[in-house]
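I have placed the structure first, in the form of structure tokens, so that the comments after it can refer back to it.
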Amino acid sequence: MKYWLMKTEPATYSWDDLNNEPNKTDHWDGVRNYQARNFMRDMKEGDGILFYHSVVKPPCIVGIARVAKEAYPDHTQFDSGAKYFDPKSPKDNPRWDMVDIQAVETLPEPVTLPQLRETAGLDEMVLLRKGSRLSIQPVTEKEWKIIRKLAGLK
DNA sequence: GCCAACGTTGGC
DNA sequence: GCCAACGTTGGC
């Protein structure tokens with residue numbers, strides 16, 4: 001079992017969009033970065049996800065989700081009207097994938113970026129590295145446990 | 001709104 | 001294959 005962090009701008013897609021009904025599953029489309037895509041291809045059903053809101057004040061982790069379905073082709077790459085249309089993606093070998101995720105629980109207390117920065121043991125976290133813009137990042141088990149605790153979970 | 005850090009594109 | 005130009009991300 002692995003752990004991940006997934007970023008989203010809540011104005012586009014928020015925790016409430018995923019968590020507006022019990023056990024809702026939704027697809028995570030629009031990833032157009034190869035490194036992030038490769039991490040998605042590495043995801044297995046049941047992996048843990050930290051759901052992160054970017055471009056809000058303060059940026060924060062707001063919920064826990066799980067991988068509900070492993071990577072499969074993102075259909076929006078072939079939709080010429082879609083924002084994430086990719087005319088160069090070969091139909092017989094789609095360039096971009098998406099996964100399905102499912103809300104597990106809302107954090108009792110969101111964990112903010114400044115909080116993460118000042119927490120011991122998170123020094124190596126990808127999110128905290130200078131210039132890290134990856135929208136999907138691996139999280140270690142140690143980091144996962146520290147963050148759950150920060151959020152008031154066991 | 002600014003801008004540093006990145007990723008991608010395309011001419012050569 | 002290099003690299004300048006450009007576009008995007010995302011914290012501040």
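Quick note: numbers below take in every heavy atom, side chains included, and nothing from hydrogens, waters or symmetry partners. Below, read A as the first sequence line, B as the second, and so on, with proteins coming before strands; counting in each chain starts at 1.
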- request: Using a strict 4.0 Å threshold on nitrogen-to-oxygen distance, state whether A/Arg95 and A/Asp74 make a salt bridge.
  value: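 No, this pair does not count.
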- prompt: ring-ring contact (aromatic ring centres under 6.0 Å, His included): which pairs involve residues 110-154 of chain A, sequence neighbours left out?
  reply: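 Those involving residues 110-154 of chain A are A/Tyr3-A/Trp144.
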message: Would you call the rings of A/Phe51 and A/Trp28 parallel, tilted or perpendicular, taking 30° and 60° as the class edges?
response: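 Perpendicular: the ring planes of A/Phe51 and A/Trp28 meet at over 60°.
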- prompt: Parallel, tilted or perpendicular for A/Trp96 and A/Tyr34, by the 30°/60° rule?
  reply: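 If you compare the ring of A/Trp96 with that of A/Tyr34, the planes turn out tilted.
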- request: Sugar-phosphate atoms are those with a prime plus P, OP1 and OP2; base atoms are the rest. Using that split, label each nucleotide of nucleotides 6-12 of chain C B, S or - for protein heavy atoms under 4.0 Å, 5' to 3'.
  value: --BBSSS
query: Given that A/Asn33 and A/Lys88 both sit by DNA chain B, which one's nearest nucleotide is further toward the 5' end?
result: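 Going by which nucleotide is closer to the 5' end, it is A/Asn33.
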- prompt: 5'-most contact on DNA chain B: A/Lys130 or A/Tyr34, nearest heavy atom basis?
  reply: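 First, find each residue's nearest nucleotide; the 5'-ward one identifies A/Lys130.
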- prompt: Sequence neighbours excluded, which residues qualify as side chain to side chain contact (heavy atoms under 4.5 Å, CB included) partners of A/Arg133?
  reply: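 A/Arg133 satisfies side chain to side chain contact (heavy atoms under 4.5 Å, CB included) with no residue once adjacent residues are dropped.
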